[in-house]
2 protein chains.
Amino acid sequence: MRVPKKERQRLLQETIERNPFIKDEELSKQFSVSIQTIRLDRMELKIPEVRERIKHVASEHLDEVKSLSMSEVIGDMIDLKLDDSAISVLDIEKEHVFSRNEIARGHVLFAQANSLAVALINDELALTTKAEIRFSRQVHLGERVVAKARVIKLRGDGRTDVTVESYVGEERVFEGDFTIYRRGEEEQA
Amino acid sequence: MRVPKKERQRLLQETIERNPFIKDEELSKQFSVSIQTIRLDRMELKIPEVRERIKHVASEHLDEVKSLSMSEVIGDMIDLKLDDSAISVLDIEKEHVFSRNEIARGHVLFAQANSLAVALINDELALTTKAEIRFSRQVHLGERVVAKARVIKLRGDGRTDVTVESYVGEERVFEGDFTIYRRGEEEQA
DNA sequence: AAAGAACTTAATACCTGGTACTAATAGCAG
DNA sequence: CTGCTATTAGTACCAGGTATTAAGTTCTTT
C-alpha cells in the first residue's frame, strides 16, 4: 500500500493530472500518508491547490468557447472586386492556435479562405460545394496572413471556381481551389 | 449609479453569466451596494458562490475532455479509438450560420471534420497538410451534425490518411479526405 | 404624519481547503 | 550512537464564502 517517495510523487502528479478536482484529503487517503506529506509533495512538484487547479481548467475552457464562435475568424477584407478578386488580412491570435505549440489550426486558415471565396461571389446565395486545399507551411501565433482570392472560371450552370492563396510575408502558407455554388439554394457553404 | 433592486438583479445575473469568476466584493463595488445585499440577491436568484461557479465551468469542460487533443475539438466527441475511428456531434447554432439564410457556413463543417481528424491521431504533433472536401447538402440552423472519422492508411513517412463523413440524420452533408502529418514539426494544420 | 412592509446593512459565528511555519518523531545508514 | 531524510503534528492565519439575528432605512399606504 505504501510506496517510496519518488514513486508516490510520480503517481501523485499523474493522479492530479487525470483529476484536477481531487482534494489533499482524498489524496492522503489514497496514498496512505498524512495530509502534510501530500502538501510537501505538492510544494516540491509545484502543484497548486485544488481551487487554483479548478480555476485553471475553467479558464482554459473559456478560451475554447471563444474559438467556437467563429464569427471573428474571418479577417479584414481590404480589397474586393466582385466576381473577380479579393484580399483579406488575418492576424493570428491566441484563439486561433493550438495552445500546445502555438501553431494556427487548419480550419482557421480554411475559414479565412472560404469566407473570402464566398464573399467574392456577386449573388444572393453563395455556398461552397467543393474544395481542395494544401497547407504548405505552418503559421505561428502573431503572424499576419494575407489571403488572395481570384475567380478562375464562371461556369454557366451556377458554379464558379475560385482559387485562394494565403501568404505570410513572401511565403505561401495555404492554397485552395474552391467551387462555389450560387443562387440555386441546394448546396452547402 | 444606484439602480432599483429588480434592475440590479437583472444586471447581476448578466454580469455573472458573462464573468463567472467575479467575487461578491467586486460585485458590491460595481453596484454600489453592500456585500450582504449582493449575497441576498444571489440567494434569491439561486446563483451559487464563485467557487462553485468556477467548478461548474471547469467540470463542463472536463466532461468532454478525456485526452489532451479533445480540448482542441469543435463539437462534442462521443467516441474515440485512437488511430482508428472517432465520432463527434455538433449542434448548429446561430453563430455557425449565415444570418441571411440560416445555412451553416462551410468552414464550420470543415472545422468539425478537421479537428476530429487531428484528434484521431495518436501523436504529440498532428497537422493537416492537405484536404479534399465536398459539401453535399446544406445544413440549417438547429440541425445536428454527426461527423464520423476513420483512418484509411497509416503511411510510413509520418502521413496518415483520414476520411470524414458528416451526416444530418440519414443524409450525408459533408465528406472530406484529409492527409495529416504527425510528429515531424514542419507542416501546417 | 404614523404604521407597516420591503429593502439594505451590520455583526457575528462558523465552514472548507487551503498556506506558512515550527517542532517533534520515525526509520535507517554509516 | 549520530546524522540525515522523510514523515507527521500542531498552530496561526487566509479567502470567500454560509447562516442567522438584528438593526436601520426607505417607500408606500392609509
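Each chain gets a letter, A, B and so on, in the order its sequence line appears, and its residues count up from 1. These numbers were taken from a predicted model, which means no experiment stands behind them.
B:Gln9 has its side chain out of reach of B:Lys6: every pair of non-hydrogen atoms, C-beta onward, lies at least 4.5 Å apart. In this structure, A:Ile54 and A:Phe21 have side chains that are in contact, with non-hydrogen atoms separated by less than 4.5 Å. In this structure the side chain of A:Val145 reaches within 4.5 angstrom of the side chain of A:Val168, judged on heavy atoms.
For DNA chain D, the neighbouring residues in residues 38-51 of chain B, judged by any heavy atom under 4.0 Å, are B:Arg39, B:Arg42, B:Met43, B:Glu49, B:Val50, B:Arg51.
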Q: Go through A:Asp161 and A:Arg155 one step at a time and tell me if the side-chain contact (heavy atoms from CB on, under 4.5 Å) criterion holds.
A: CA-CA 8 Å; A:Asp161 291 340; A:Arg155 291 210 176 95; 3.3 Å; yes

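Cluster annotation: B:Leu90 is connected to B:Leu141 through the hydrophobic network of ILVMFWY side chains, with a link wherever side-chain heavy atoms come within less than 4.5 Å. B:Val164 and B:Leu154 fall within a single hydrophobic cluster, where Ile, Leu, Val, Met, Phe, Trp and Tyr side chains are chained together by heavy-atom contacts under 4.5 Å.
No contact: B:Arg53 has no heavy atom under 4.0 Å from any strand.
Remark: A:Arg105 is positioned above the aromatic ring of A:Phe98, its terminal NZ or CZ atom under 6.0 angstrom from the ring centre and at most 45 degrees off the axis. A cation-pi geometry, defined here as NZ or CZ lying under 6.0 Å from the six-membered ring centre and within 45° of its normal, does not hold between A:Lys130 and B:Phe135.
Remark: C1' of C:dT16 and CD1 of A:Ile22 are 16 Å apart, rounded to the nearest angstrom. Straight-line distance from the CG atom of A:Leu27 to the C1' atom of C:dG18: 13 Å, rounded to whole Å. When the P atom of C:dG18 is taken as reference, atom CZ of A:Phe21 falls 13 Å away, rounded to whole Å. Here the P atom of nucleotide C:dC7 and the NZ atom of B:Lys5 are 4 Å apart, to the nearest Å.
Salt-bridge annotation for A:Arg8 and A:Asp41: present, with a side-chain N of the basic residue lying under 4.0 Å from a carboxylate O of the acidic one.
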Using a cut-off of under 3.5 Å, enumerate the N/O to N/O pairs linking the protein to nucleotides 27-30 of chain C.
none

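Side-chain contact, B:Glu175 with B:Ser166: no donor N or O sits under 3.5 Å from an acceptor N or O.
First and last contacting nucleotides of DNA chain D toward chain A (any atom under 4.0 angstrom from a heavy atom, 5' to 3' order): D:dA6 to D:dG10.
Under a 3.5 Å cut-off, the side chain of B:Thr37 and the backbone N or O of B:Val33 do not form any donor-acceptor pair.
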